[in-house]
Amino acid sequence: VHEESRRAAGPFRVVDCATIPPGLLESELFGARRGAFTGLDEDRPGILELASGGTVLVDEIAGAPLEVQAKLLRVISSRAVRAVGAAEETAIDVRFLFSTSRDLEREVREGAFREDLLHRIRVVVLDVPPLRDRPEDIEELAQMLLAEGKTPAPPLSADALRALRELEWPGNVRELENVLARARLESPEAIGREAIESARLDPRTATLFPHNILAGAGLEELKDRLERDY
């Protein structure tokens, strides 16, 4: 969205509301002036100011505390930010993108999200369906994820692709990425159905050394398997 926009030459910044402690999120977004906190001996601009002229992705907006939501609503309306400890506002020119994995309407009903902010940010909505509802994407996603490694991507057999399409994927693309990473360790030359099924086992119950590991295995093959599993 950013790269295809008229702001492509400007900065692109991301702030993850789910991973930044609530006490720090405000200063991370809006900045802080010298002396606002103990040990802060110089002005520190926030992400919104640093992204002026470009785009800001506010990731997992539902994780922002209500007081930060109120200040963010004012920023969106006024196009100006007031850093923590500042007396005046600073004008900004940013394009906002918001993402969330939660149902914001339910969050509003439960009092965890401001209704006025929801109406303000819900201009154009892109709904990304769960992976189980778009199995036709799995092959392309799998090939892309395997190609991200430093070594050549091992080929996926037709049976392996069928196995991937048959799964429910409650963890969506991140779960697919982890399964492929484990399968790649198990079968670095080529990934078949057996490697996918083994990698899909619950890691809390899967055993590193199956009881039939010695069946038909030579010494070198056994050593290779044990070393990789270890």
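Quick caveat, the model's predicted, so the values are computed rather than measured. All values below come from the heavy atoms of this structure, side chains included, with hydrogens, waters and symmetry mates left out.
- Of the possible donor and acceptor atoms, none in the side chain of E168 sits under 3.5 Å from a partner among the backbone N and O of R132.
- Residues R200 and R182 have side chains not in contact (no heavy-atom distance under 4.5 Å, counting atoms from C-beta outward).
- Here the closest non-hydrogen pair linking A51 and V56 is CB-CG2, 3.2 Å.
- Under the 4.5 Å side-chain criterion, counting only non-hydrogen atoms from C-beta, T55 is not in contact with V1.
- Between atom CD1 of residue I92 and atom CG of residue L50 there is a gap of 11.0 Å, rounded to the nearest 0.5 Å.
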Problem set entry | Derivation of the side-chain contact (heavy atoms from CB on, under 4.5 Å) call for L48 and V15 | CA-CA 9 Å; L48 299 183; V15 56; over 6 Å; no
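- Contact of the I121 side chain with the V58 side chain is not registered, since no non-hydrogen atoms from C-beta on lie closer than 4.5 Å.
- Between E148 and L145 the shortest side-chain heavy-atom distance falls below 4.5 Å.
- Under a hydrophobic clustering in which Ile, Leu, Val, Met, Phe, Trp and Tyr are joined whenever their side-chain heavy atoms come within less than 4.5 Å, directly or via other members, L118 and L57 fall into different clusters.
- Judged by distance alone, with hydrogens and angles left aside, the side-chain atoms of D93 form no donor-acceptor pair with the main-chain N or O of G53 at under 3.5 Å.
- Residue-environment remark: CZ (R134) exceeds the threshold of 12 foreign heavy atoms within 6.0 Å.
- For residues 97-145, the ring pair (Phe, Tyr, Trp, His ring centres under 6.0 Å) pairs, not counting sequence neighbours, are F96-F98.
- L161 and L131 fall within a single hydrophobic cluster, where Ile, Leu, Val, Met, Phe, Trp and Tyr side chains are chained together by heavy-atom contacts under 4.5 Å.
- Sorted by first then second residue, the ring pair (Phe, Tyr, Trp, His ring centres under 6.0 Å) pairs that include residues 142-182, not counting sequence neighbours, number zero.
- By the ring-ring contact (aromatic ring centres under 6.0 Å, His included) test, F12 is found to be paired with H2, residues two or more places apart in sequence or in another chain being considered.
- In this structure R44 satisfies the side-chain hydrogen bond (donor to acceptor under 3.5 Å, both in side chains) test together with S27, sequence neighbours excluded.
- Of all the heavy atoms in P22 and P65, the pair that sits closest is CB-CG, 3.7 Å.
- Applying the side-chain hydrogen bond (donor to acceptor under 3.5 Å, both in side chains) test to R122 and every residue at least two apart in sequence or in another chain returns E105.
- Remark: side-chain polar atoms of R184 are paired, donor with acceptor, to backbone N or O of L146 under 3.5 angstrom.
- By the criterion of side-chain heavy atoms lying less than 4.5 angstrom apart, applied directly or through intervening Ile, Leu, Val, Met, Phe, Trp or Tyr residues, L185 is not grouped with V179; the two fall into different hydrophobic clusters.
- The stretch residues 72-84 participates, sequence neighbours left out, in these side-chain hydrogen bond (donor to acceptor under 3.5 Å, both in side chains) pairs: R74-E89.
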For this session: Check step by step if side-chain contact (heavy atoms from CB on, under 4.5 Å) holds for I61 and L72.
Result: CA-CA 10 Å; I61 179 60; L72 189 57; 3.8 Å; yes
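- We find that R193 and E166 are joined by a salt bridge, their nearest charged nitrogen and carboxylate oxygen being less than 4.0 Å apart.
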